2 protein chains.
Amino acid sequence: MSRWEEFYESLPPPDGFDDAKQRLHEFCKRLGAKNKIVLVTSGGTTVPLEHNTVRFVDNFSAGTRGSASAEYFLSSGYAVIFIFRQKSLEPFARHFMGLKFLNMLEMAEENECLSIKVKGSHVEGLRPVLEQYQEAEGSGRLLQLPFTTLSDYLWLLRAASECLSSIGPRAMLYLAAAVSDFYVPTDKMPTHKMQSNEGPPSISLQLVPKMLKPLVNIWVPNAYVVSFKLETDAELLIKKSREALNKYNHKLVIANILQTRKYKVMFVFPNHDYEVNLNEDEIKKGIEIESKIVDDLAKKHELYIGGMV
Amino acid sequence: MSRWEEFYESLPPPDGFDDAKQRLHEFCKRLGAKNKIVLVTSGGTTVPLEHNTVRFVDNFSAGTRGSASAEYFLSSGYAVIFIFRQKSLEPFARHFMGLKFLNMLEMAEENECLSIKVKGSHVEGLRPVLEQYQEAEGSGRLLQLPFTTLSDYLWLLRAASECLSSIGPRAMLYLAAAVSDFYVPTDKMPTHKMQSNEGPPSISLQLVPKMLKPLVNIWVPNAYVVSFKLETDAELLIKKSREALNKYNHKLVIANILQTRKYKVMFVFPNHDYEVNLNEDEIKKGIEIESKIVDDLAKKHELYIGGMV
């Protein structure tokens with residue numbers, strides 16, 4: 001048994017996994033015959049440090065890249081499977097976080113009947129988002145499945161990949177989630193909350209096997225697979241991206257630096273690379289870099305489906 | 001210098017700290033003469049593992065207890081300072097997470113003018129929340145200040161405590177945030193993201209000094225201070241709560257078990273304790289345990305202000 005198989009053997013599937021699997025199956029069956037389907041993963045995974053989890057190691061990710069990209073994939077005609085960290089940003093809903101929503105509303109009396117309306121000043125801003133959301137809901141082209149831990153994520157990733165293998169090259173995988181490289185093995189985890197009066201604990205982390213390898217080679221071999229690389233050190237970025245392409249044989253790494261990721265990414269292919277960015281004018285207009293990333297990718301994907309790359 | 005003083009010396013104040021301090025000062029000055037003010041802390045703190053933070057250790061807390069309690073304190077007549085983990089639940093907004101909000105809306109044509117309305121079926125449910133929110137906003141009785149890291153939290157906690165000391169026993173501190181016991185000292189933190197090809201790292205954690213001690217004894221000595229204890233092991237709960245009361249000299253520990261915390265807590269005083277819980281009927285009706293906790297506390301606080309306890 002390979003290391004990744006052993007890893008799955010050691011992790012129980014998450015609660016509700018059978019239901020999630022069935023929804024994935026239904027979605028791919030209903031939409032797969034005629035549509036391109038993209039799997040977008042989004043948000044960070046957690047690694048529990050205790051069995052009754054009070055503390056965990058988390059990866060930084062609000063889910064901005066994934067949730068914005070999902071919207072642009074929908075408007076480019078894709079059906080979207082959105083596998084996201086619970087409580088991270090979701091497509092459409094991301095525009096109305098916190099108290100923004102309540103501040104948009106006002107009460108009104110209409111024919112002696114109370115109604116609640118969106119204030120006039122917010123109608124123009126809200127309208128396109130609401131229309132797109134209702135279109136996506138109405139056409140059933142968006143399937144959202146939440147995860148919390150690394151283990152939840154890995155089970156959903158494999159199940160979605162296996163479903164998508166049935167539509168061959170029309171599947172894209174856009175793996176934007178920030179997945180932990182490390183985990184604490186079950187047998188090294190304390191059952192109860194670590195007690196601070198016993199002195200500070202030292203946490204022993206183990207490496208997670210790289211799932212991109214079986215994903216590209218076994219689970220969904222004909223899909224257009226895009227992975228992400230986030231570094232804080234620019235010097236390492238291209239080198240590490242190309243190493244990943246050599247190792248896993250997928251199509252593209254989208255590489256970004258933590259500090260500049262909102263307006264600049266590198267598309268790194270096995271034999272060439274280029275920058276996709278926002279100029280100052282686009283930044284001022286509030287254009288999101290995800291719209292350009294998805295535009296570019298949709299074209300690349302068309303060429304791939306046509307057998308041109 | 002004591003350990004807690006050294007700890008503050010070693011941590012720079014968060015961005016925007018001067019502004020937060022001024023808002024706290026203005027709030028206490030405006031409302032402190034006539035009102036009771038409660039400081040509610042809510043959500044978990046993060047402990048960065050790297051200087052350019054990609055990974056951090058987090059404490060489990062969605063902010064349910066704190067955000068719900070803040071609402072009940074407002075309806076009990078308190079002014080509320082709500083210090084909360086960014087992206088955790090907020091009072092009022094907590095009722096409309098994720099896509100719930102967009103599902104409540106519909107577009108309508110009115111005198112040839114587009115408007116967006118809350119669907120009739122949602123008006124009755126939304127109305128009381130919106131009214132309470134607008135009342136709290138209008139009367140200026142709610143001040144919200146966000147934090148992310150342990151360090152941000154500790155700076156805000158001290159500043160709020162010091163402001164509240166001016167109103168003596170009319171201040172309550174309701175410390176529901178899940179604060180890390182551990183941190184990684186700045187000089188042991190790598191500058192860049194830890195690289196997985198260098199093998200799994202071992203994280204060295206240090207104990208955070210207990211801030212409840214200076215808080216109770218120096219920062220805000222006449223306030224009614226309530227701390228929380230969350231354990232996964234019931235056997236330890238009362239014992240550890242009483243140890244905390246002996247050590248820090250505050251008024252009350254609200255003790256709860258991770259698995260039962262939504263319907264049962266223990267009020268642990270130095271010389272007695274009792275359970276506050278929801279019965280089955282109350283659970284069915286959707287009553288929140290925080291309404292009972294706050295009711296009970298408000299009575300205790302009145303007695304304390306009157307010099308009766």
Side-chain angles (χ1 to χ4, degrees), chain A residues 46 49-60 62 87 90 92-93 96-102 105 107 114-118 120 122-123 126-127 129-131 133-134 137 144 178 180-182 191-196 199-207 230-233 236 258-259, chain B residues 46 49-60 62 87 90 92-93 96-103 105 107 114-118 120 122-123 126-127 129-131 133-134 144 178 180-182 191-196 199-207 230-233 236 258-259:
Chain A
T46 68
L49 300 178
E50 297 143 329
H51 279 290
N52 290 295
T53 299
V54 172
R55 298 196 189 86
F56 49 85
V57 177
D58 204 339
N59 280 49
F60 168 82
K87 307 257 163 80
E90 295 174 48
F92 309 111
F96 313 99
M97 296 305 288
L99 287 168
K100 270 194 191 169
F101 162 50
L102 287 169
L105 297 178
M107 281 182 273
L114 182 87
S115 76
I116 301 175
K117 292 170 66 168
V118 172
H122 289 288
V123 169
L126 180 55
R127 180 186 179 162
V129 178
L130 186 59
E131 280 176 346
Y133 171 66
Q134 290 179 340
E137 277 293 292
Q144 302 202 177
S180 179
D181 294 328
F182 309 112
T191 304
H192 288 296
K193 187 177 163 186
M194 297 180 290
Q195 296 300 327
S196 54
S202 181
I203 304 165
S204 274
L205 298 171
Q206 301 286 318
L207 278 177
L230 176 70
E231 293 289 339
T232 58
D233 185 350
L236 282 172
L258 189 63
Q259 293 80 354
Chain B
T46 67
L49 300 178
E50 297 143 329
H51 280 290
N52 290 296
T53 298
V54 172
R55 297 194 188 89
F56 49 86
V57 177
D58 204 339
N59 280 49
F60 168 82
K87 307 255 163 83
E90 295 175 48
F92 309 113
F96 313 99
M97 297 304 290
L99 288 169
K100 269 192 189 171
F101 162 50
L102 286 169
N103 289 328
L105 298 177
M107 280 183 272
L114 182 87
S115 77
I116 302 175
K117 292 170 67 169
V118 172
H122 290 288
V123 168
L126 179 55
R127 180 185 179 164
V129 179
L130 186 59
E131 279 176 347
Y133 171 66
Q134 290 180 340
Q144 303 203 174
S180 180
D181 295 327
F182 309 111
T191 305
H192 287 296
K193 186 177 164 187
M194 298 179 290
Q195 295 300 327
S196 54
S202 180
I203 303 165
S204 275
L205 298 171
Q206 301 287 318
L207 279 176
L230 176 69
E231 293 289 338
T232 59
D233 185 350
L236 283 171
L258 188 63
Q259 293 80 355

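All of these numbers come straight from a predicted model, not from anything done at the bench. Below, chain A is the first sequence line, B the second, and so on; all start at residue 1.
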If you apply the rule side-chain contact (heavy atoms from CB on, under 4.5 Å), what do you find for B:L130 with A:I116, and how did you get there? CA-CA 9 Å; B:L130 186 59; A:I116 301 175; 3.8 Å; yes

Report the C-alpha separation of A:R127 and B:M107 in whole Å, then their side-chain angles, then the decisive distance to 0.1 Å, and conclude whether the side-chain contact (heavy atoms from CB on, under 4.5 Å) test is met. CA-CA 8 Å; A:R127 180 186 179 162; B:M107 280 183 272; 4.1 Å; yes

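The shortest non-hydrogen separation linking B:L105 to A:Q134 is O-NE2, 3.6 Å.
The structure places CZ of B:F92 at 8.5 Å from CG of A:L102, a figure rounded to the nearest 0.5 Å.
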